[in-house]
Amino acid sequence: MGAGHGHTLHYHGHSPVHRFPAHLKILALLAFMIVVVATPRDWYAAFVVYLLAITSVIGVSRVPPTYLLKRTVVEVPFLLFAVLLPFVATGPRTEVLGVSVSQHGLEAGIALLVKGTLGVLASLTLAATTEPQDLLLGLERLRLPQQLVQIMSFMVRYLDVVTDEMRRMKVARESRGFTARNPRHWPVLARSAGALFIRSYERGERVHLAMLSRGYTGKMPR
Amino acid sequence: MHVPDGFLDAPTSAATGVVAAAAIGVSLVKARKELDDRTAPMAGLVAAFIFAVQMLNFPVASGTSGHLLGGALAAVLVGPWTAVLCLSVVFLVQCLLFADGGITALGTNITLMGLTTVVVGWLVFKGLQLVLPKRLSLVPVQAGIGALVSVPVAALLFVALYAVGGTADIPLDNLATAMVGVHVLIGIGEGIITFLAVGAVLAVRPDLVYGARPVLARRELEIRTSTGAAA
């Protein structure tokens, strides 16, 4: 992945939200979510305010809402948990549509749904309006250890290369008539994972040697 | 499955954040011993590998599938300190670039799925290596058992965190039984796949497997000729 290419979630644009410094966006997201998480779950009015705040930011960013909504699927697994909560929690019972459920579980499930959805929407907005390079610079400005930022920048840079390598291996397997259907096919997939590790590691070694030959001394040039 | 925002209360999230930050701080210093100045590119590439391998789906039965967490696998392949860094970076990237896992739950996710799986997986692996005979063929088995144990332990720790900072009063013994029950099954999958994957790497590049180095160091050079093994 070269510079200038966005990652999968990035939505190219020139709005004030896109231009806003990345480190302030990260801090804003963190502060916003801490406030959301710390809000008692029966302050319904507060959650409406939060939702209005996040939708107005999305409005200013001019990222189409459908673009973000489609990507909220990442929260599906824990939605199931939220739906289960009213049935497994204890405490006083209440009736919803003729089914007896736990009062506390119901409240907790709704709170989880609301807070989790706000969190996913806010994170998606950050991801959609910030280039990975800006994000890395922002993290560096937030005094995240230099080394960690470097590791992350290498990961982000080679993420598409490695996942592409895996996709090619999948194409190669499938073009030979292989489809993984049950655990008996695990050895094939595990060997692919092993091969992917060796390829990634050797690529890392080549990258390191290339960097050494260009004068790398363990620190990135500023 | 990543813990979202609002699943645990603010103090618990903050506490796990401190644990994660401390672990990353120590790992940053110790990882230099495992990788010296290669740390940044190597750990970055291994993190990309972990991210990719988490997208590799393993079919279980009747249409369902699971994927690897990769904590124990990373610990055995590149060493525990580098593994902690790699997994932490993976969760950071998933949180900031893919909106997977809440930002306030980042510390919790790193502690549960990164730190715990690496530490437990590595300790079990090392413990077995001390007890069992030092043979190359046993390294994948030890790695697999480490991976198998690491997943239910992480699930148990999740239940403990939920007991401290959970937002709904679920009967804890039920939650513990359900979580550990499900995660023993997931752990078996994780264990088998880790076993197979470590075996695959060992067959091709045994020198790349960090956990196999003590075994390789004891191996003597064997010269094979057309007439058989020479003395």
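So you know, we letter chains A, B, ... as the sequences are listed, proteins then strands, and number each from 1.
- Of the residues B:Val198, B:Val204, B:Val78, the one that meets the side chain to side chain contact (heavy atoms under 4.5 Å, CB included) test with A:Phe197 is B:Val78.
- Put simply, of B:Asp100, B:Val93, B:Ile50, B:Val53, the one with the most heavy-atom pairs under 4.5 Å next to chain A is B:Val93.
- A:Ser200 contributes atom OG, which lies 11.5 Å from atom CD of A:Glu205 (distance to the nearest 0.5 angstrom).
- Checked by atom type and distance alone, the side chain of A:Thr163 pairs as donor or acceptor with a backbone atom of A:Asp160 at under 3.5 Å.
- The CZ atom of A:Arg167 sits 11.0 Å away from the CD atom of A:Glu165 when rounded to the nearest 0.5 Å.
- With respect to chain B, the highest number of heavy-atom pairs below 4.5 Å among A:Val114, A:Val149, A:Leu148, A:Leu121 belongs to A:Leu148.
- Remark: the B:Thr82 side chain and the B:Tyr210 side chain contain no N/O donor-acceptor pair separated by less than 3.5 Å.
- Atom CG in B:Leu156 sits 11.0 Å away from atom CG in B:Leu112 (nearest 0.5 Å).
- Heavy-atom pairs under 4.5 Å with chain B were tallied for A:Gly116, A:Ser192, A:Ala180; the largest tally goes to A:Ala180.
- Contact of B:Ile24 with chain A is made through the side chain alone, with heavy-atom distances under 4.5 Å.
- Contacts with chain A were tallied for B:Ala52, B:Ala200, B:Pro41; B:Pro41 has the most, counting heavy-atom pairs under 4.5 Å.
- In this structure, the separation between CG on A:Leu189 and CZ on A:Arg173 is 5.0 Å, given to the nearest 0.5 Å.
- No other option in A:Ala190, A:Pro145, A:Ser123, A:Gly194 has as many heavy-atom pairs under 4.5 Å with chain B as A:Ala190.
- Contact of B:Cys95 with chain A is made through the backbone alone, with heavy-atom distances under 4.5 Å.
- Only the side chain of A:Leu135 comes within contact range of chain B, with heavy atoms under 4.5 Å apart.
- The local environment of CZ in A:Arg168 is crowded, with over 12 non-hydrogen atoms from other residues, nucleotides or ligands closer than 6.0 Å.
- For a residue to count as touching a neighbouring chain, one of its non-hydrogen atoms must lie under 4.5 Å from one of that chain's; by this rule A:Leu118 does not touch chain B.
- Heavy-atom distances place the side chain of A:Met166, and not its backbone, under 4.5 Å from chain B.
- Contact annotation for A:Leu136: neither backbone nor side-chain heavy atoms come within less than 4.5 Å of a heavy atom of chain B.
- Ranked by non-hydrogen atom pairs under 4.5 Å with chain A, the options B:Ala10, B:Ala21, B:Ala47, B:Ser88 are led by B:Ala47.
- Distance alone, capped at 3.5 Å, places no donor-acceptor pair between the B:Glu190 side chain and the B:Leu148 backbone.
- Neither the backbone nor the side chain of B:Leu106 comes within contact range of chain A; no heavy atoms are under 4.5 Å apart.
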